[in-house]
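Position 1 is the first residue of the sequence; numbering continues from there. Nothing here was measured: the structure is a model prediction, and the numbers come from that model.
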Amino acid sequence: MSREVLDPPVQTMSHNRRYRVNVVHEDFGGAKWNGQNKGGKPASYGYEEPDLYGEDDEEDDPAASNIEQTPNGDFKLALHVSKAFYGGLIGMKGSTKRRIEEETKTEIFVPRQNDKSSDILIRAKQRDRVCAAVRQIRRLVGSLRKKLKPTHFLAVALNTGQVQERFVELRKRILEDQLPGIDEELFISERSIHLTLGVYVLLDDDERQRALNQLEACRSLLAGLKTPFDLTVKGLEIMNDDPSATRILYAHIESLELQKFADQCLAEFQATGLCATDNNERESIKLHMTVMNNRYRKEVMKCSDSFDAREILKRYGDFDFGSAQCQAVHLCVLKSRGEDDFYKITGSLNF
């Protein structure tokens with residue numbers, strides 16, 4: 001029997017721990033594992049986990065095109081990562097950064113807090129090692145982003161014309177009914193009513209510009225669609241199953257052309273990694289206009305987590321808000337107010 005089986009090489013670790021070193025033989029992988037073994041002798045190396053997502057997709061990330069080769073033959077990449085993620089990237093006492101460096105055989109330099117640059121620097125002897133580090137950093141940033149609250153959303157403004165007038169009328173009628181637990185603070189402002197097409201976590205100027213660039217790229221999705229989009233707003237529905245404990249009451253929106261654009265736009269933004277968790281987990285946008293939200297009331301007073309919408313649905317379930325046209329999509333800041341009392345607009349796609 002092979003001596004390597006009976007008496008394998010052993011690596012001594014701390015606390016007197018000893019581990020066997022797995023040996024890769026030429027019989028299992030040949031030159032792919034052991035390199036060009038021209039001497040014909042079996043070569044043995046410590047086991048190295050192959051990168052299963054290696055060269056085949058290294059160019060999928062746009063950052064790969066910015067990898068540079070230095071005069072000494074090494075490769076480097078300046079990769080933008082929002083400073084909000086530096087703590088998670090470094091980890092406790094640098095543990096996360098060290099792990100990525102060890103697994104990808106790279107060196108990663110994270111800017112200090114007072115540095116002007118917000119780009120981290122990745123260096124390696126091989127180009128594919130840099131790409132491997134980029135993939136790990138992207139996955140880490142993606143998981144950290146899922147834990148953050150949304151900052152921006154894509155909106156179609158509905159705060160003008162017939163829809164706004166009918167919204168004001170409905171609010172007035174509901175408040176005049178003096179239903180138990182229903183007050184004005186539950187309603188969205190008539191100057192802020194809108195349709196949401198996406199929600200994102202954008203933490204610095206670079207990420208906001210990336211979102212605006214992606215929004216402009218969505219202009220190509222308008223080809224073959226009739227613009228401006230015609231839409232009708234009719235009927236009240238709730239987000240949950242129990243109308244006696246409602247958190248959000250909304251108006252249903254119907255627009256086949258806008259629905260096509262919204263779903264395609266969702267897929268395009270999902271590929272950027274900028275979406276909030278809710279948008280990453282859906283395949284289609286639910287076209288709706290929020291009318292009442294318990295969160296609005298909770299922001300100004302202590303109250304329960306829901307309200308009873310049964311009587312509202314019974315009396316006004318088929319309420320017709322009329323029609324509107326969508327001529328632009330805006331990237332807006334959540335919980336903000338602009339000059340016209342609509343949300344602060346970061347940028348727009350007009351058509």
Side-chain angles (χ1 to χ4, degrees), residues 22 24 29 32-33 35 45-70 72-112 115 117-148 198 200-211 213-214 217 266-283:
N22 291 326
V24 179
K32 178 179 179 181
W33 289 91
Y45 296 93
Y47 176 72
E48 180 178 327
E49 183 72 25
D51 184 359
L52 301 179
Y53 306 94
E55 296 179 357
D56 291 343
D57 68 347
E58 69 176 26
E59 298 297 340
D60 288 350
D61 195 301
S65 61
N66 297 323
I67 297 176
E68 302 176 5
Q69 188 168 16
T70 63
N72 66 358
D74 292 350
F75 293 87
K76 68 175 184 178
L77 172 67
L79 180 69
H80 176 81
V81 175
S82 173
K83 291 185 177 181
F85 298 119
Y86 283 0
L89 175 59
I90 295 171
M92 182 69 71
K93 297 182 179 179
S95 59
T96 303
K97 184 173 81 76
R98 282 197 303 274
R99 175 182 59 78
I100 296 175
E101 289 175 325
E102 292 170 0
E103 292 179 356
T104 61
K105 294 181 172 58
T106 58
E107 288 183 300
I108 300 174
F109 303 92
V110 180
R112 296 183 181 277
D115 289 352
S117 173
S118 58
D119 293 342
I120 66 172
L121 183 64
I122 306 171
R123 288 182 178 272
K125 296 291 184 182
Q126 296 174 302
R127 190 177 191 278
D128 63 339
R129 298 294 89 202
V130 176
C131 293
V134 170
R135 286 192 294 274
Q136 289 216 27
I137 292 171
R138 294 287 197 213
R139 288 195 290 269
L140 175 61
V141 168
S143 66
L144 294 172
R145 194 183 299 274
K146 291 179 181 179
K147 301 176 183 179
L148 300 177
Y200 317 103
V201 180
L202 309 177
L203 301 174
D204 58 22
D205 290 340
D206 182 87
E207 292 190 348
R208 286 185 282 273
Q209 188 57 53
R210 282 175 56 199
N213 292 343
Q214 185 59 60
L266 170 66
E268 293 292 323
F269 268 92
Q270 284 175 336
T272 66
L274 298 173
C275 290
T277 300
D278 179 63
N279 272 201
N280 281 319
E281 297 174 349
R282 64 174 65 237
E283 297 179 356

Quiz item: Can you tell me how far the OH atom of Y200 sits from the CZ atom of R145, to the nearest 0.5 Å?
Solution: 12.5 Å
Exercise. Return the minimal non-hydrogen interatomic distance between Y86 and P111, and the atom names on each side.
Key: OH-CG, 3.5 Å
Quiz prompt | Separation of S117 OG from K83 NZ (nearest 0.5 Å) | solution = 8.0 Å
Self-check item: Within-4.5 Å side-chain heavy-atom neighbours: V141 and V81
Solution: yes
Quiz prompt | Gap between atom OG1 of T96 and atom CD1 of I137 - 0.5 Å precision | solution = 11.5 Å
Quiz prompt | Note, E103 side chain near Q136 side chain (heavy atom, < 4.5 Å) | solution = yes
Self-check item: Nearest-0.5 Å distance that lies between atom CG in L148 and atom CG in L202
Solution: 11.0 Å
Quiz prompt | S143 OG to F85 CZ distance, which is reported to the nearest 0.5 Å | solution = 9.0 Å
Self-check item: Beyond-backbone contact of T70 with R123, side-chain heavy atoms, under 4.5 angstrom
Solution: yes
Quiz prompt | Any donor-acceptor N/O pair, N72 side chain to D74 backbone, under 3.5 Å | solution = yes
Quiz prompt | Closest non-hydrogen atom pair between A64 and R127, with its separation | solution = O-NH2, 2.8 Å
Quiz item: Between atom NZ of K76 and atom CG of L121, what is the distance when rounded to the nearest 0.5 Å?
Solution: 6.5 Å
Quiz item: Charged N to carboxylate O below 4.0 Å: is that the case for R208 and D205?
Solution: yes
Self-check item: N279 (side chain) donor-acceptor with A276 (main chain) under 3.5 angstrom
Solution: no
Exercise. Tell me, with the steps shown, if I67 and C131 meet side chain to side chain contact (heavy atoms under 4.5 Å, CB included).
Key: CA-CA 9 Å; I67 297 176; C131 293; 3.7 Å; yes
Practice problem: Write down the atom of I108, the atom of K97, and the distance for their closest heavy-atom approach. | Solution: O-NZ, 3.1 Å
Quiz item: Sub-3.5 Å donor-acceptor pair from the side chain of T104 to the main-chain atoms of I100, do we have one?
Solution: yes
Exercise. Check the surroundings of atom NZ in K146: do more than 12 heavy atoms from other residues, nucleotides or ligands lie under 6.0 Å from it?
Key: no
Quiz prompt | Presence of salt bridge, E102 and R98, under 4.0 angstrom | solution = no
Quiz item: Does CD belonging to E283 count more than 12 external heavy atoms closer than 6.0 Å?
Solution: no
Practice problem: Can you see which heavy atom on R282 is nearest to which on Q270, and at what distance? | Solution: O-NE2, 2.9 Å
Self-check item: Contact summary for S82 and E207, nearest pair of heavy atoms
Solution: CB-OE2, 3.7 Å
Quiz item: At their closest point, which heavy atom of T272 faces which heavy atom of R210, and how far apart are they?
Solution: O-NH2, 2.8 Å
Self-check item: All side-chain hydrogen bond (donor to acceptor under 3.5 Å, both in side chains) counterparts of R138, not counting sequence neighbours
Solution: D61
Quiz prompt | Validation row: D119, L79 side chains within 4.5 angstrom (heavy atoms) | solution = no
